[in-house]
Amino acid sequence: MIFCIKKNRLFFVLFALFLSQNSHARELSQYSSTDLISTIESIIIKENKPKKDTVELKKRLAYLEKSSGKTSSVLYHALLANGYSVFFDKINKRSEYYYLKSIEESKKLKDPSLIIWTKLNYSKYLYFYCQIDKLIPIVLKTMEETSQIDPSKIIQPEETFKFFGWIMSTVEDNSAIGYYKKSMQYMKKPSSESAGVLNAIGNCYFRNNDLANAMLYFSRSEAIALKVNDSIRYAKILGDKALVYEKKGNLKDAVNLLKKDVFYSQKFKIDKNEMYASILLAKILLKLNIATEAGKILEKAGKIASSKSYYRSSLKEIIELKLNILNGKNPGKELLLRRQLKVLEEFLLKTNGKTVLQKSYWLIQKKKYENDAKKIRLELEKGQRTERLFIIILSLTILLSLVAYHSLNKKLETKRIKLENDRLFFEQKLNVASSEIDTYNEHISNKNKQISILQNEIKEIKSFSSTHLEEDKIKLKEILNSHLMTDENWNTFKREFIKQHNSFYNNVMENFPELKESNLKIIMLQKLDYNNYEISSLLGVTVDAIKKSKQRLKKKLGDRYDLLFEIIDFK
């Protein structure tokens with residue numbers, strides 16, 4: 001009886017879920033324009049935090065894909081792009097494809113609200129992975145499009161204006177405060193989001209050296225964070241307040257606040273905030289001449305910074321602080337740190353470094369000058385002013401932009417030349433380190449050639465039965481077996497493989513922890529483009545054994561088997 005009741009309950013729950021999903025798909029094609037935005041917002045909020053399981057995500061979004069409505073297709077591709085971003089945790093071709101597809105589909109619909117949202121969704125992806133140079137032109141265009149429609153017709157206006165504030169704040173443009181305050185107008189009640197925006201406004205004032213207003217907004221943010229029990233936001237505010245105390249010269253209070261920030265960040269496992277707070281704390285400790293404690297804090301912060309490619313600007317800062325602590329005490333360690341620093345500087349020069357931010361700033365200023373020139377032109381047309389004044393202003397604007405852009409390019413070229421010269425000093429040592437796995441790979445290839453020759457000789461020997469030939473046959477088998485992947489050889493190979501393919505190895509271990517060592521041997525060799533025959537020769541088994549091993553792995557992983565080989569084939 002109990003079993004029947006539970007079975008009936010399960011049936012009604014599944015039936016309700018089916019009706020709910022299908023009703024969502026129908027709603028998108030039937031709602032009026034005003035209600036449609038509310039419906040879209042509810043779907044976006046529901047799928048705001050996709051998990052690292054793209055198979056499950058596709059199943060969950062299936063009702064959007066199956067819907068006949070074109071708006072549903074736009075949402076499906078945009079949300080799927082977000083899911084792949086979480087899965088790969090870096091810039092990847094899958095996300096790029098689906099983001100651009102969602103933007104293209106929204107343009108075909110000629111729906112301004114969808115066009116703005118899809119571009120904003122893509123921009124957040126670029127911002128999160130520090131693709132500032134690529135991001136700025138898209139955001140500037142989206143800002144212009146947003147200014148041309150009624151805010152009530154924007155999907156999630158509070159998120160839209162908040163993101164514009166983030167971007168302007170990143171390139172240190174004062175318009176950020178205006179966007180943040182506009183975002184607050186669309187937040188209905190105190191929440192973690194409103195606390196975050198108030199905190200961001202405080203940071204803008206702090207950057208402008210307006211400490212009074214900075215502390216005012218930090219306190220307002222802190223009050224809301226405590227009210228809504230947002231411990232994560234509270235931890236971040238403590239760190240921001242510490243900056244104000246440091247600026248005022250009250251270093252001890254700043255240290256206490258930052259230690260609380262680090263404590264809460266560790267407690268709630270907010271690695272990114274722990275890293276930032278640790279860097280600030282180490283800087284202040286160095287000012288207080290507490291170098292030993294600062295060094296320990298930087299070691300842990302360095303591990304966090306090394307875990308993600310988009311933390312490289314923080315890793316650069318950590319290395320610079322470590323070099324400051326060493327100050328010639330350990331030349332060997334300093335040499336290694338400086339080598340890492342040069343590589344980071346070259347990377348940041350092209351992505352999210354200060355040079356790119358400065359270039360983005362000039363791009364924004366150029367856009368502002370163009371907008372100002374456009375406004376002046378309209379005023380001249382309305383007020384029947386002279387054309388000469390317009391030409392002078394426009395010429396000055398273009399000249400200023402060209403001079404600034406030329407100056408920036410000159411500095412960029414000088415920096416590149418310096419980095420190239422510095423890198424030559426380390427090139428020989430780097431080549432020695434990076435060639436180890438290539439040498440090992442070549443060694444294995446040569447062994448395989450020897451194996452083919454030896455196997456042919458063994459076949460010839462089998463046709464004879466003399467004692468002398470039997471002895472030769474035993475010797476040949478011993479030589480043949482010497483190429484096999486012994487435990488010692490495997491450990492050496494695995495260690496060198498991880499050095500060269502660290503990201504790939506970590507990605508596989510994180511997403512497929514159930515893999516056995518025998519599975520890893522096949523996966524690693526396949527990553528190096530060895531075929532089944534070559535793998536079987538190295539592992540001392542038959543080709544059929546390799547094929548059966550792959551079949552068992554496919555059965556074990558199920559739908560996730562294809563994902564594994566997407567990672568293997570991903571370059």
Side-chain angles (χ1 to χ4, degrees), residues 44-45 48-49 78 82 85-86 91 99 116-147 151 154-187 191-208 213-214 217-218 220-221 224-225 230 232-233 235-237 239-240 243 270 272-273 275-276 308 310-314 348 351-354 356-365 367-368:
I44 293 168
I45 292 169
N48 191 33
K49 294 181 179 180
N82 291 341
S85 172
V86 172
I91 292 291
Y99 281 125
I116 290 169
W117 180 77
T118 52
K119 285 185 176 180
L120 201 70
N121 194 45
Y122 180 42
S123 297
K124 287 179 179 178
Y125 163 79
L126 295 174
Y127 179 84
F128 187 79
Y129 295 111
C130 302
Q131 302 295 302
I132 303 298
D133 207 12
K134 189 175 181 181
L135 163 71
I136 293 300
I138 299 173
V139 171
L140 289 176
K141 180 65 176 175
T142 310
M143 285 179 177
E144 185 178 349
E145 291 169 343
T146 303
S147 66
I154 297 175
I155 298 170
Q156 293 185 304
E158 70 282 3
E159 284 294 319
T160 301
F161 294 119
K162 181 173 75 172
F163 183 71
F164 291 162
W166 280 346
I167 299 302
M168 294 299 101
S169 180
T170 300
V171 296
E172 300 183 359
D173 188 272
N174 289 331
S175 63
I177 293 175
Y179 282 116
Y180 282 134
K181 289 184 176 180
K182 198 167 185 178
S183 172
M184 289 291 294
Q185 295 174 14
Y186 298 95
M187 294 185 179
S191 62
S192 295
E193 287 71 26
S194 61
V197 172
L198 288 170
N199 190 41
I201 295 173
N203 276 302
C204 290
Y205 280 119
F206 176 78
R207 189 172 56 249
N208 293 333
N213 268 320
Y217 277 92
F218 288 153
R220 287 176 62 185
S221 177
I224 293 177
D230 188 346
I232 295 174
R233 175 57 55 191
K236 294 178 180 178
I237 296 166
D240 290 331
L243 292 174
I270 325 165
K272 187 176 182 180
N273 195 64
M275 176 181 68
Y276 289 152
K308 307 289 182 184
Y310 44 87
Y311 289 166
R312 288 179 184 174
S313 57
S314 297
L348 294 172
T351 53
N352 65 327
K354 291 182 179 179
V356 173
L357 291 177
Q358 189 178 4
K359 183 179 177 182
S360 301
Y361 175 78
W362 281 112
L363 188 62
I364 289 170
Q365 296 308 309
K367 188 68 176 177
K368 283 187 175 182

Rounded to the nearest 0.5 angstrom, the CZ-OH distance for Phe161 and Tyr186 is 5.0 Å
What one should report as the nearest heavy-atom pair of Asp230 and Ser192 is OD2-OG, 2.8 Å
When rounded to the nearest 0.5 Å, the distance separating OG of Ser194 from CZ of Arg220 is 9.5 Å
Across all chains, not counting sequence neighbours, the salt bridge (charged side-chain N to carboxylate O under 4.0 Å, His left out) partners of Glu158 are none
Run the side-chain contact (heavy atoms from CB on, under 4.5 Å) test on Glu144 and Leu140 for me, step by step, so that the C-alpha distance in whole Å, both residues' side-chain angles and the decisive distance to 0.1 Å come before the verdict. CA-CA 6 Å; Glu144 185 178 349; Leu140 289 176; over 6 Å; no
side-chain hydrogen bond (donor to acceptor under 3.5 Å, both in side chains) filter on Asn273, not counting sequence neighbours, yields Asp261, Ser265
Between Gly165 and Ala176, the two heavy atoms sitting closest are O-CB, 3.5 Å
To the nearest 0.5 Å, atom OG of Ser123 lies from atom CE of Met143 at 9.0 Å
The side chain to side chain contact (heavy atoms under 4.5 Å, CB included) partners of Asn199 (sequence neighbours excluded) come to Asn203, Phe218, Ser221, Arg233, Ile237, Asp240
Query raised in the report: Under the side-chain contact (heavy atoms from CB on, under 4.5 Å) criterion, do Tyr99 and Asn82 qualify, and how do the steps go?
Result: CA-CA 8 Å; Tyr99 281 125; Asn82 291 341; 2.6 Å; yes
Result for side-chain contact (heavy atoms from CB on, under 4.5 Å) between Leu198 and one of Met184, Glu193, Lys181 points to Met184
CD1 of Ile177 to OG of Ser169, rounded to nearest 0.5 Å, is 9.0 Å
Distance col, row Tyr122:OH vs Leu126:CG, nearest 0.5 angstrom, shows 4.5 Å
Rounded to the nearest 0.5 angstrom, the CD1-OG1 distance for Ile154 and Thr160 is 5.5 Å
Notebook entry, point to check: Are Lys124 and Glu159 close enough for a salt bridge, meaning some N to O gap below 4.0 Å?
Noted result: yes
Minimal heavy-atom distance between Ser183 and Val197, with the atoms involved, is OG-CG2, 4.2 Å
* Derivation and outcome, side-chain contact (heavy atoms from CB on, under 4.5 Å), residues Met168 and Cys204 -> CA-CA 10 Å; Met168 294 299 101; Cys204 290; over 6 Å; no
Contacts of Ala200 meeting side chain to side chain contact (heavy atoms under 4.5 Å, CB included) (sequence neighbours excluded), chain-then-number -> Tyr180
| Is there side-chain contact between Lys272 and Tyr311, with heavy atoms separated by less than 4.5 Å? | yes
- Item | Non-hydrogen side-chain atoms of Ile167 and Tyr179 separated by less than 4.5 Å | no
Discussion item. Any donor-acceptor pair under 3.5 Å linking the side-chain atoms of Tyr129 with those of Ser85?
Written reply: yes
Thr142 meets the side chain to side chain contact (heavy atoms under 4.5 Å, CB included) criterion, sequence neighbours left out, with Ile116, Lys119, Ile138, Thr146, Phe164
Sequence neighbours excluded, the answer for side-chain hydrogen bond (donor to acceptor under 3.5 Å, both in side chains) partners of Tyr125 is none
